[in-house]
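Positions are given from 1 along the sequence. As a basis for the values below, the full set of heavy atoms in this structure was taken, side chains included, without hydrogen atoms, waters or symmetry mates. From a predicted model like this one, the values you see are computed outputs, not experimental measurements.
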Amino acid sequence: MAIVDGNRMTENYLGVMLVGGPDTMEPGDTADVKMALMYFPEQSYNEVQPGATFTVREGPLIVGHGVIRSRGMESFPLPRQDSR
C-alpha cells in the first residue's frame, strides 16, 4: 500500500534492477530474487536492510512486494540495453 500524507506520496523510490530469480511469475507466486542497487554509491540505499519491506512498481502499478532477507556487498556489472 502506498504511504501517503493527505494527497501527497511520502515513499522513497530507489532504483533497483532484478538480476536474479525466475524469468516469469504468476500472481500469487513467491520467489527469492537478487536486486542490484542501480545508483549506488551516488544514491544512498541505507533503507535497504534486512527486515525492511518494499513494493515493486511498474509505473503507478504495484506488481509485487517483499521483505529484504539479506544485503550482500558483492558487485557485478549491470546488463546494458542496446540502443540500436
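- Across Arg57 and Thr55, no two heavy atoms sit closer than the pair NE-OG1, 3.6 Å.
- Put simply, the side chain of Tyr39 never gets that close to the backbone of Tyr45: no donor and acceptor are under 3.5 Å apart.
- The two residues Val33 and Pro22 have their closest heavy-atom pair at CG1-CD, 4.2 Å.
- Ser44 has its side chain out of reach of Leu14: every pair of non-hydrogen atoms, C-beta onward, lies at least 4.5 Å apart.
- Inter-residue side-chain proximity for Leu37 and Arg71 is flagged as met; some heavy-atom pair is nearer than 4.5 Å.
- Residues Ala31 and Met25 share a closest heavy-atom pair of CB-CE, 3.8 Å.
- Taking every heavy atom of both residues into account, Val67 and Phe54 meet most closely at N-CE2, 3.5 Å.
- Within 6.0 Å of CD on Glu58 lie no more than 12 heavy atoms contributed by other residues, nucleotides or ligands.
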